[in-house]
2 protein chains.
Amino acid sequence: MSSATNYQAEVLKSIAQATRLKIIDFLRNGERCVCEIFPAIDEEQSNTSRHLAYMQTHGILSRRKDGVKIYYAVKHPEVFEIIDRATAIAKRESEVRIGLFSGAERD
Amino acid sequence: MSSATNYQAEVLKSIAQATRLKIIDFLRNGERCVCEIFPAIDEEQSNTSRHLAYMQTHGILSRRKDGVKIYYAVKHPEVFEIIDRATAIAKRESEVRIGLFSGAERD
DNA sequence: AGCATATATGATTATACATTCATATAATAA
DNA sequence: TTATTATATGAATGTATAATCATATATGCT
């Protein structure tokens with residue numbers, strides 16, 4: 001198995017999870033500390049912390065310490081581009097599914 | 001948990017896996033049947049079939065039957081754009097890691 | 001009908017993942 | 001020093017996922 005493919009998969013896995021998507025979306029306007037993030041996305045502090053650590057380890061987020069607080073930010077603008085394209089696919093697919101109710105497509 | 005976020009995550013999960021990345025990459029030049037796909041990516045027929053079914057169910061691939069053969073193709077061009085961006089991130093990150101050997105960064 | 005080829009799927013196994021609760025650690029304030 | 005706030009982490013649990021082997025199903029050929 002190509003190591004490049006594995007690395008690509010790791011990057012995408014760091015994004016492809018509902019809680020992580022909520023975190024990334026909340027970070028669209030720049031860095032935020034954990035204490036701001038977990039109430040905003042309505043998840044437990046410990047769970048949020050784990051996901052942040054995961055994404056930071058996988059190179060998706062940067063981490064900055066200021067006193068007691070830890071600030072995280074999205075490192076690569078491509079992360080948002082990936083999510084925007086996933087949204088476009090999701091939107092198009094859900095429209096197709098709705099369209100099936102009125103159409104007469106059959107397998 | 002927002003259902004839109006879940007759907008986005010589902011779309012990304014359909015891509016974020018090494019075997020599926022290999023399949024999608026092989027489909028860059030258009031539709032291919034299962035009998036062409038699994039030898040090309042060097043995976044078992046049954047495993048390949050499961051991943052193809054998964055991606056088709058999740059709206060990533062189209063499926064066309066012609067006799068005994070089943071042809072799969074990538075439905076949304078955004079899928080390739082997502083992978084290209086993941087590749088860019090992976091490349092940039094690996095360069096940073098290599099750079100750390102010569103630099104003097106410390107946490 | 002019998003055979004070969006293509007694809008899918010049930011059962012199983014091993015592993016990874018997400019979440020929670022309780023607690024540890026670190027920084028700062030009183 | 002003690003208390004408070006912010007973050008991280010160990011342990012446990014339930015669930016999901018990937019892969020494999022064996023076999024079922026479907027199509028077309030002779």
Side-chain angles (χ1 to χ4, degrees), chain A residues 1-3 5-27 31-58 60-73 106-107, chain B residues 1-3 5-27 31-58 60-73 106-107:
Chain A
M1 173 102 43
S2 123
S3 157
T5 303
N6 272 319
Y7 202 173
Q8 277 174 285
E10 290 297 301
V11 167
L12 288 170
K13 271 185 199 166
S14 307
I15 307 173
Q17 204 278 336
T19 304
R20 295 203 278 269
L21 282 174
K22 289 196 292 179
I23 291 172
I24 294 168
D25 196 59
F26 182 65
L27 294 177
E31 68 169 15
R32 292 282 185 276
C33 68
V34 184
C35 60
E36 293 171 297
I37 300 171
F38 81 86
I41 65 170
D42 194 32
E43 289 287 341
E44 291 237 336
Q45 180 271 322
S46 66
N47 193 32
T48 304
S49 176
R50 274 182 220 282
H51 283 296
L52 290 167
Y54 183 98
M55 290 190 278
Q56 199 259 325
T57 300
H58 287 77
I60 295 301
L61 302 183
S62 62
R63 197 183 125 107
R64 185 175 68 84
K65 194 171 181 170
D66 182 16
V68 220
K69 299 189 178 178
I70 311 278
Y71 290 86
Y72 287 94
R106 192 56 80 90
D107 192 70
Chain B
M1 171 102 46
S2 122
S3 160
T5 303
N6 272 319
Y7 202 174
Q8 277 174 284
E10 290 296 303
V11 167
L12 288 169
K13 270 185 200 165
S14 307
I15 307 174
Q17 203 277 338
T19 304
R20 295 202 278 269
L21 282 175
K22 289 195 291 179
I23 291 172
I24 293 169
D25 196 59
F26 183 65
L27 295 177
E31 68 169 18
R32 291 282 184 276
C33 67
V34 184
C35 60
E36 294 171 296
I37 299 171
F38 80 86
I41 65 169
D42 193 32
E43 289 288 340
E44 291 236 337
Q45 180 271 322
S46 67
N47 193 32
T48 304
S49 176
R50 273 182 221 281
H51 283 295
L52 290 166
Y54 184 98
M55 290 191 277
Q56 199 260 324
T57 299
H58 287 76
I60 296 300
L61 301 184
S62 62
R63 197 184 125 106
R64 184 176 70 84
K65 195 173 182 172
D66 182 17
V68 222
K69 299 190 177 177
I70 310 278
Y71 289 86
Y72 287 94
R106 192 56 79 92
D107 192 68

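Chain A is the first sequence line, chain B the second, and so forth, proteins listed ahead of strands; every chain is numbered from 1. Hydrogens, waters and symmetry mates play no part in the numbers below; they use all other heavy atoms, side chains included. All figures in this text were calculated on a predicted structure; none of them were measured in a lab.
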Student: Could you tell me the separation between the OH atom of B:Y71 and the C1' atom of D:dT27, rounded to a whole number of Å?
Tutor: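 Atom-to-atom, B:Y71 to D:dT27, this comes out as 13 Å.
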Student: Once you round it to whole Å, what is the distance between P of C:dT20 and CD of A:Q45?
Tutor: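 Answer to the nearest Å: 12 Å.
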Student: Residues in side chain to side chain donor-acceptor pair (under 3.5 Å) with A:E10, at least two apart?
Tutor: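 In terms of side chain to side chain donor-acceptor pair (under 3.5 Å), with neighbours along the sequence ignored, A:E10 is linked to A:H58.
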Student: Rounded to whole Å, please give me the gap between CD in A:E44 and P in D:dA6.
Tutor: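 Rounded to whole Å, this separation is 16 Å.
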Student: Please give, in whole Å, the distance from C:dT19 C1' to A:E43 CD?
Tutor: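 The distance from CD of A:E43 to C1' of C:dT19 comes to 9 Å, rounded to the nearest Å.
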Student: For B:F38, report the nucleic acid contact type (base, sugar-phosphate, nothing); a contact means any heavy atom under 4.0 Å.
Tutor: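 B:F38: no heavy atom of the nucleic acid under 4.0 Å.
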Student: Just so I know, are the side chains of A:T5 and B:D25 near enough to count as touching, which here means a heavy-atom distance under 4.5 Å?
Tutor: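 When only atoms from C-beta onward are counted, B:D25 and A:T5 do not touch, as no gap falls below 4.5 Å.
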Student: Starting at CG of A:N6 and ending at P of D:dA18, how long is that distance when rounded to a whole Å?
Tutor: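 Rounded to the whole Å, the gap is 13 Å.
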Student: Between protein and nucleic acid, restricted to nucleotides 11-14 of chain D and to nitrogen or oxygen atoms under 3.5 Å apart, what atom pairs and distances do you find?
Tutor:
{"residue": "D:dA11", "atom": "N6", "partner": "A:R50", "partner atom": "NH2", "Å": "3.2"}

Student: Which heavy atom of A:A18 sits nearest to which heavy atom of B:A9, and what is that distance?
Tutor: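 That would be N-CB, 3.7 Å.
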Student: Give the rounded distance in Å between these two atoms: NE2 of B:H58 and C1' of D:dA18.
Tutor: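 To the nearest whole Å, that distance equals 14 Å.
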Student: How long is the line joining CD1 of B:I41 and P of D:dA18, in whole Å?
Tutor: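 Value for this atom pair: 13 Å.
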Student: Without decimals, in angstroms, what is the distance between B:K69 NZ and D:dG28 C1'?
Tutor: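 The distance from NZ of B:K69 to C1' of D:dG28 comes to 12 Å, rounded to the nearest Å.
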Student: What distance do B:S49 atom OG and B:I37 atom CD1 have between them, rounded to the nearest 0.5 Å?
Tutor: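 Taking OG in B:S49 and CD1 in B:I37, the distance rounds to 10.0 Å.
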Student: Please give me the minimum heavy-atom distance between B:K69 and B:C35, naming the atom from each residue.
Tutor: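 Between these two residues, the closest heavy atoms are CE-SG, 4.0 Å.
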Student: Look only at the side chain of B:K22 and the backbone of B:I41, and say whether a donor-acceptor pair between them is shorter than 3.5 Å.
Tutor: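 Confirmed, B:K22 side chain pairs with B:I41 backbone.
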Student: With heavy-atom distances below 4.5 Å as the criterion, would you say the side chains of B:N6 and A:L21 are in contact?
Tutor: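 Result no, sub-4.5 Å side-chain heavy-atom pair not found.
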Student: Enumerate, atom names and distances included, each donor-acceptor pair closer than 3.5 Å involving a side-chain atom of residues 50-57 of chain B, sequence neighbours excluded.
Tutor:
{"residue": "B:H51", "atom": "ND1", "partner": "B:R20", "partner atom": "NH1", "Å": "3.0"}
{"residue": "B:T57", "atom": "OG1", "partner": "B:A53", "partner atom": "O", "Å": "2.8"}

Student: Could you encode protein contacts along nucleotides 24-30 of chain C as a string, one character per nucleotide from 5' to 3', using B for base contact, S for sugar-phosphate-only contact and - for no contact, with a heavy-atom cut-off of under 4.0 Å?
Tutor: --SSS--
Student: Is there any salt bridge (Lys or Arg N to Asp or Glu O under 4.0 Å) pair reaching into residues 31-40 of chain A, and which pairs are they, with sequence neighbours excluded?
Tutor: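 Every pair satisfying salt bridge (Lys or Arg N to Asp or Glu O under 4.0 Å) with a residue in residues 31-40 of chain A: A:E31-A:R64.
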Student: Quick one: which of C:dT20, C:dT9, D:dA8 gets closest to the side chain of B:S49?
Tutor: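 From the listed options, C:dT9 comes nearest.
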Student: Check side chain to side chain contact (heavy atoms under 4.5 Å, CB included) between B:S62 and all other residues, then give those that pass, not counting sequence neighbours.
Tutor: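 Counting only residues at least two positions away or on another chain, B:S62 forms a side chain to side chain contact (heavy atoms under 4.5 Å, CB included) with B:A73, B:K75.
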Student: Can you see if the side chain of A:R63 gets near the phosphate of D:dA8 - specifically, an N or O under 4.0 Å from OP1 or OP2?
Tutor: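 Yes, such a contact exists.
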Student: When you compare the protein's N or O atoms with those of nucleotides 15-18 of chain C, which come within less than 3.5 Å of each other, and at what distance?
Tutor:
{"residue": "C:dA18", "atom": "OP1", "partner": "A:R20", "partner atom": "NH1", "Å": "3.4"}
{"residue": "C:dA18", "atom": "OP1", "partner": "A:R20", "partner atom": "NH2", "Å": "3.3"}
{"residue": "C:dA18", "atom": "OP2", "partner": "A:R20", "partner atom": "NH1", "Å": "3.4"}

Student: Test your reading of the model: is there a side-chain donor-acceptor pair from B:E44 to the backbone of B:S46, 3.5 Å cut-off?
Tutor: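 Between the backbone of B:S46 and the side chain of B:E44 there is no qualifying donor-acceptor contact (under 3.5 Å).
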